[in-house]
Amino acid sequence: SGKSRPMRILQYVQNTAVQGDANSVISAVDSYCANVEWAMNVGDKKGEILDAVVLDVRPRWVLELGTYCGYSTMRIARLLPPGARLITLEMNHHYAQVAKQILGHAGLDSQVDLLVGASSALIPQLKKKFDMDKFDLVFIDHWKTSYLPDTKLLEECDLLASGTVLLADNVTCPGAPEYLHYVRNSPRYKSLYFPSQLEYLRVEDGMEKSVFLG
Ligand SMILES: Nc1ncc2ncn(CCCCCNC(=O)c3cc(-c4ccc(F)cc4)cc(O)c3O)c2n1
Ligand SMILES: [Mg+2]
């Protein structure tokens, strides 16, 4: 039942996860997607790399590009210091609606602002909308061809500080070759590859961590 894959994931979460317990919601999504039907969450293996970066950066302001069902949104939000904010951008209204409900089930909606729209249209509005200056961490997980233009847009909008960390999912599979070439060759970034596997599958993937040098 459930008209869409995100809806089926939401129903499984509502039926099996403990309300207010983010880790049980994360585990429920992982067990559903590992055993019932695959979905493009960052998953538990790459999720541990994401967790480690969030804990290392201790970010005050986080931007996520591509929310989907809110899985990585939860992984980030549950590790944020008090007072920190996570802004996540999602193009698809249906995905955003499901993500809101999954975040609500996890009890994490207070730290998260979910905006619906294209990242290219929303990024230039963020400083004014949230009265903020720079992001400390950006998690990039939307259209793979948007990674590079949106990184350049973040630079142009003066949203990156010296030390800001960009963490990009799927740089091997499906791949983001133009983005990788840019962050690995630009003198303005220090870049490092974290090898891993595609979510729920024995296929190589990895995440690229790039520190903006100002
Ligand atoms: N500009 C803009 N602004 C805002 C937005 N919000 C959403 N979008 C559109 C994003 C649509 C989903 C993006 N994610 C992926 O496509 C993705 C795919 C795979 C994958 C698939 C098939 C395979 F065989 C293997 C791997 C695995 C992953 O982990 C992925 O993250 C936006 N775009
Ligand atoms: Mg991804």
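Indexing begins at 1, ligand by ligand and atom by atom, following the structure's order.
When ring centroids are compared, His142 and Tyr68 stay outside the 6.0 Å threshold.
Note on Asn170: counted as a metal contact of the Mg ion (ligand 2), an N/O/S atom lying under 2.8 Å. The Mg ion (ligand 2) lies at 2.8 Å or more from every N, O or S atom belonging to Glu199.
The Mg ion (ligand 2) is closest to atom OD2 of Asp169 (considering only N, O or S atoms). For Asp141, the N, O or S atom closest to the Mg ion (ligand 2) goes by the atom name OD1.
At under 3.5 Å, a nitrogen or oxygen of Met91, whether backbone or side chain, sits near a nitrogen or oxygen of ligand 1. Residue contacts with ligand 1: Ser119 is placed with a nitrogen or oxygen under 3.5 Å of a nitrogen or oxygen of the ligand (distance criterion only).
Contact annotation for atom 3 (N) of ligand 1: protein present (non-hydrogen atoms, distance under 4.0 Å). Contact annotation for atom 23 (C) of ligand 1: protein absent (non-hydrogen atoms, distance under 4.0 Å).
Between the side chains of Arg75 and Tyr71, at least one donor N or O lies within less than 3.5 Å of an accepting N or O. Side-chain N/O atoms of Thr172 and Tyr193 include a donor and acceptor closer than 3.5 Å. One side chain, Asn41 or Tyr200, offers a donor N or O that lies under 3.5 Å from an acceptor on the other.
Not a single heavy atom of Gly43 sits under 4.0 Å from any atom of ligand 1. In this structure, Trp38 is part of the shell of residues with a heavy atom less than 4.0 angstrom from ligand 1. Asp169 counts as a contact of ligand 1, since one of its heavy atoms falls under 4.0 Å from the ligand.
A continuous path of Ile, Leu, Val, Met, Phe, Trp and Tyr side chains, each step under 4.5 Å between heavy atoms, connects Val211 with Val62, placing both in one hydrophobic cluster.
Nearest protein heavy-atom contact of atom 30 (C) of ligand 1 is Asn170 OD1, 3.3 Å. Remark: minimum distance from atom 10 (C) of ligand 1 to any protein heavy atom is reached at Trp143 N, 3.5 Å. Nearest to atom 16 (O) of ligand 1 among the protein's heavy atoms is Lys144 CE, 3.7 Å. In this structure, the protein non-hydrogen atom closest to atom 18 (C) of ligand 1 is Pro174 CG, 3.8 Å. When hydrogens are left out, the protein atom nearest atom 27 (C) of ligand 1 is Glu199 OE2, 3.2 Å; that is the closest non-hydrogen contact. Among protein heavy atoms, atom 31 (O) of ligand 1 sits closest to Asp141 OD1, 2.8 Å. Annotation: atom 12 (C) of ligand 1 to nearest protein heavy atom, Met40 CE, 3.5 Å. Looking at atom 7 (C) of ligand 1, its nearest protein heavy atom turns out to be Glu90 OE2, 3.2 Å.
Sparse packing is recorded around NE2 of His181, with 12 or fewer heavy atoms of other residues, nucleotides or ligands lying under 6.0 Å away. Within a 6.0 Å radius of CG in Asn15, more than 12 heavy atoms belonging to other residues, nucleotides or ligands are found.
Only one option out of Thr73, Asp51, Asp21 pairs with Arg78 in a side chain to side chain donor-acceptor pair (under 3.5 Å); it is Asp51.
Of all non-hydrogen atoms in Lys127 and Asp158, the two that sit nearest each other are NZ-O, 2.8 Å. Here the closest heavy-atom approach between residue Asp205 and residue Cys173 is recorded as OD1-N, 2.9 Å. The two residues Leu103 and Gly70 come nearest to each other via the heavy atoms CD2-O, 4.3 Å. Nearest heavy atom pair, residue Arg58 against residue Pro81, reads NH2-CB, 3.7 Å. Shown here for Asp109 and Gly104, the closest heavy-atom pair between the two residues is OD2-CA, 3.7 Å.
Using a 4.0 Å cut-off to heavy atoms of Gly117, the atoms of ligand 1 that qualify are 4 (C). Short contacts between ligand 1 and Ser146, defined as distances under 4.0 Å to a heavy atom of the residue, involve ligand atoms 1 (N). Ligand-side atoms of ligand 1 in range of Ala118: 3 (N), range being under 4.0 angstrom from any heavy atom. Of all atoms in ligand 1, numbered sequentially from 1 with element shown, those under 4.0 Å from a heavy atom of Leu198 are 25 (C), 26 (C).
With a 6.0 Å cutoff to the six-membered ring centre and a 45° limit on the axis angle, Lys209 does not count as a cation-pi contact of Tyr189.
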